[in-house]
Colleague: 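Shown below is the structure under consideration.
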Amino acid sequence: MMEKKEQLQQAYINHVLLNDEQPRSVFVFAKENELAEEEFYKYFGSFDSIEQSIWKVLLDTAITEVKAQEIWPQYSSREKVLSLLLL
């Protein structure tokens with residue numbers, strides 16, 4: 001089961017994908033997701049902070065995946081960056 005922080009991130013991603021914009025306010029976002037506004041603020045201070053956390057998770061996942069490649073240790077720094085960017 002997803003922890004609350006991950007649930008909030010996924011709900012935010014879904015909202016942006018469906019509406020092509022950030023929610024109008026944390027209050028509206030909380031109501032749409034049937035939680036108290038304070039619950040959002042336990043994990044994130046703003047929509048900018050939730051976006052930063054989402055990008056961090058995506059980047060960490062990408063790095064883990066490219067490092068798992070057998071050839072990774074043989075790559076030059078340039079090839080490592082390109083591998084990450086092309087993932």
Colleague: Taking all heavy atoms of V57 and all of Q9, pick out the closest pair and write down the distance.
Modeller: CG2-NE2, 4.2 Å
Colleague: Measuring from S49:OG to K56:NZ, what's the distance to the nearest 0.5 Å?
Modeller: 14.0 Å
Colleague: Has E65 got a side-chain atom pairing as donor or acceptor with A62's backbone, closer than 3.5 angstrom?
Modeller: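 No.
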Colleague: Given the rule that I, L, V, M, F, W and Y join up when any side-chain heavy atoms are under 4.5 Å apart, are L17 and F47 in one cluster?
Modeller: yes
Colleague: Are a donor atom and an acceptor atom from the side chains of Y12 and Q22 found within less than 3.5 Å of each other?
Modeller: yes
Colleague: Could you check whether any side-chain N or O of S53 sits under 3.5 Å from a backbone N or O of I50, counting only pairs where one atom can act as donor and the other as acceptor?
Modeller: yes
Colleague: Taking atom CG of D60 as the centre, does the number of heavy atoms from other residues, nucleotides or ligands within less than 6.0 Å exceed 12?
Modeller: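 Buried by this count: over 12 neighbours within 6.0 Å.
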Colleague: How about Y75: does its OH atom have over 12 heavy atoms from other parts shown lying under 6.0 Å from it?
Modeller: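 Enclosed.
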Colleague: Is I71 reachable from L84 through a run of hydrophobic residues whose side-chain heavy atoms are each under 4.5 Å from the next?
Modeller: yes
Colleague: Indicate whether the side chain of E79 and that of Q74 have a donor and an acceptor atom separated by less than 3.5 Å.
Modeller: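 No, Q74 and E79 have no side-chain donor paired with an acceptor closer than 3.5 Å.
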Colleague: We want to know whether Q10 and N14 form a side-chain donor-acceptor pair, criterion being a heavy-atom distance below 3.5 angstrom.
Modeller: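 Q10 vs N14: donor-acceptor pair found between side chains.
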Colleague: State the NZ-CD1 distance between K80 and I63, to the nearest 0.5 angstrom.
Modeller: 11.5 Å
Colleague: Do V16 and F27 sit in one hydrophobic cluster, given that two such residues count as connected whenever their side-chain heavy atoms are within less than 4.5 Å of each other, even indirectly?
Modeller: no
Colleague: Could you tell me which non-hydrogen atom of P23 sits nearest to which non-hydrogen atom of H15, and how far apart they are?
Modeller: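 It is CA-NE2, 3.2 Å.
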Colleague: Relative to the ring of F40, is the ring of F44 parallel (under 30°), tilted (30 to 60°) or perpendicular (over 60°)?
Modeller: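 The arrangement is tilted - the two ring planes meet at 30° to 60°.
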Colleague: Distance check, rounded to the nearest 0.5 Å: S76 atom OG versus L82 atom CG?
Modeller: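 Here the interatomic distance stands at 8.0 Å.
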Colleague: Does L59 share a hydrophobic cluster with I54, counting links as ILVMFWY side-chain heavy atoms below 4.5 Å and allowing steps through other members?
Modeller: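 Hydrophobic grouping puts L59 apart from I54.
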Colleague: Any chain of hydrophobic side-chain contacts (each under 4.5 Å) joining W55 to Y43?
Modeller: yes
Colleague: Atom CD in E51, atom OG in S46: separation rounded to 0.5 Å?
Modeller: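 Those atoms lie 8.5 Å apart.
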Colleague: Show the nearest heavy-atom pair for residues L8 and E39, with the distance to one decimal.
Modeller: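 Shortest heavy-atom contact: CD1-O, 4.2 Å.
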